[in-house]
Amino acid sequence: MLEGKLVNLRAVEKEELPLLAEWLSNPEVLGEYQGLRQFSKSEFEKTFGTEDKHEMNDFFIEKKGGTKIGMITHFYVLHPTGIRLLEIGYTMLPNERGKGYCSEAINIMVDYLFLSRDTMRIQAITDVRNLASQKVLEKAGFKKEGTLRKCGFLRGEWRDACLYSILREEWKEPRFLTKLKAQQ
Ligand SMILES: CC(C)(COP(=O)(O)OP(=O)(O)OC[C@H]1O[C@@H](n2cnc3c(N)ncnc32)[C@H](O)[C@@H]1OP(=O)(O)O)[C@@H](O)C(=O)NCCC(=O)NCCS
């Protein structure tokens with residue numbers, strides 16, 4: 001478990017995958033700026049529950065008492081030329097938004113990834129209209145690299161998205177997982 005001040009991140013267990021499938025098939029949980037998806041529980045287990053080349057790792061964002069309030073994930077985006085980019089994605093339950101939880105979850109995830117992965121950068125992609133998502137990335141030290149034009153098919157139309165990243169040299173040191181740094 002990765003412990004923060006407001007929230008903890010806990011790796012999703014196999015038996016919890018049906019709950020994640022339910023969340024990520026719910027348009028209200030996905031919000032206005034993520035593509036609509038419908039996962040059957042068995043299909044979801046196949047896609048998310050097994051080792052895959054993207055090395056996707058899902059975490060629940062939990063309040064201190066253990067209540068699940070959102071999810072955050074990290075995975076690799078692979079290009080045939082050998083480029084391998086580490087990316088994060090996240091979603092909060094509608095009634096838990098706007099309370100600072102996701103900002104902290106992203107900070108914890110960034111600490112964890114720079115402490116545990118030999119990577120120079122972490123990236124995130126978000127719809128140009130998704131101001132809350134851009135705000136949480138900027139608060140965690142991500143910088144906007146540019147616009148990916150018409151890259152996502154969303155609710156029947158092609159949408160532009162922003163590419164954000166944080167570099168290891170911009171991160172410098174952990175802000176939340178400070179004890180883990182000491183143990184390295
Ligand atoms: C994006 C999302 C994860 C943010 O989570 P959250 O827990 O609400 O984020 P936080 O409370 O930590 O911070 C949100 C920030 O955005 C700001 N914000 C929210 N809506 C905003 C808007 N429409 N315009 C500008 N800023 C906005 C808040 O004021 C807050 O900033 P502040 O702390 O400086 O006041 C959440 O809105 C969500 O789950 N949305 C649906 C799924 C989604 O879009 N995921 C991202 C896909 S890339």
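Each ligand, and each atom within it, is numbered from 1 in the order the structure gives.
Contact atoms of ligand 1 toward G100: 10 (P), 11 (O), 12 (O) (distance under 4.0 Å to a heavy atom of the residue). In the vicinity of S103, heavy-atom distances shorter than 4.0 Å reach the ligand 1 atoms 10 (P), 12 (O), 13 (O). Contact atoms of ligand 1 toward K99: 11 (O) (distance under 4.0 Å to a heavy atom of the residue). For ligand 1, the atoms sitting less than 4.0 Å from at least one non-hydrogen atom of I125 are 48 (S), numbered in the order shown with element in parentheses. When each atom of ligand 1 is checked for a heavy atom of V136 under 4.0 Å away, the hits are 9 (O), 10 (P), 12 (O), 13 (O), 14 (C). Annotation for ligand 1: atoms under 4.0 Å from non-hydrogen atoms of S133 are 1 (C), 46 (C), 48 (S).
A salt bridge is defined here as a Lys NZ or Arg NE, NH1 or NH2 lying under 4.0 Å from an Asp or Glu carboxylate O, and R10 with E3 fails to meet this definition. Between K172 and E170 there is no salt bridge, since no side-chain N of the basic residue sits under 4.0 Å from a carboxylate O of the acidic one. A salt bridge is defined here as a Lys NZ or Arg NE, NH1 or NH2 lying under 4.0 Å from an Asp or Glu carboxylate O, and E96 with K99 meets this definition. Under 4.0 Å is where a charged nitrogen must lie from a carboxylate oxygen, and between K143 and E138 no such pair does.
Taking atom 17 (C) of ligand 1 as the reference point, the nearest protein heavy-atom neighbour is K135 CG, 3.9 Å. Protein heavy atom nearest atom 20 (N) of ligand 1, with residue, atom name and distance: A132 CB, 3.6 Å. The protein non-hydrogen atom at the shortest distance from atom 46 (C) of ligand 1 is Y90 O, 3.3 Å.
Looking at G31 next to ligand 1, no N or O pair under 3.5 Å apart turns up. Between T126 and ligand 1, no pair of N/O atoms sits closer than 3.5 Å. Considering backbone and side-chain atoms together, L131 places no N or O closer than 3.5 Å to any N or O of ligand 1.
Interatomic distance, L2 CG to L9 CG, rounded to the nearest 0.5 Å: 5.5 Å.
Here R121 pairs with E145 under the salt bridge (Lys or Arg N to Asp or Glu O under 4.0 Å) rule; sequence neighbours left out.
For D127, the closest heavy-atom approach to ligand 1 does not fall below 4.0 Å. Put simply, no part of Y33 is less than 4.0 Å from ligand 1, judged by heavy atoms.
Across K139, R97, E32, E28, heavy-atom proximity to atom 41 (C) of ligand 1 is greatest for R97.
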Can you give me every donor-acceptor pair (side chain of residues 19-30, partner residue at least two apart or in another chain, under 3.5 Å) with its distance?
unit_1 : atom_1 : unit_2 : atom_2 : d
S25    : OG     : A21    : O      : 2.8
S25    : OG     : F39    : N      : 2.9
N26    : OD1    : E28    : N      : 2.8

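A side-chain N or O of Y90 and one of S133 form a donor-acceptor pair less than 3.5 Å apart. Using modelled atom types and a 3.5 Å distance limit, the side chains of T91 and Q34 yield a donor-acceptor pair. In summary, the side chains of D58 and T73 do present a donor paired with an acceptor at a separation below 3.5 Å, with no hydrogens or angles considered.
Protein heavy atoms are absent from the 4.0 Å sphere centred on atom 28 (C) of ligand 1. Taking a distance limit of 4.0 Å, we find that atom 2 (C) of ligand 1 is approached by no protein heavy atom.
Note: the hydrophobic cluster containing W158 does not contain L154 (ILVMFWY, side chain heavy atoms under 4.5 Å, direct or indirect links).
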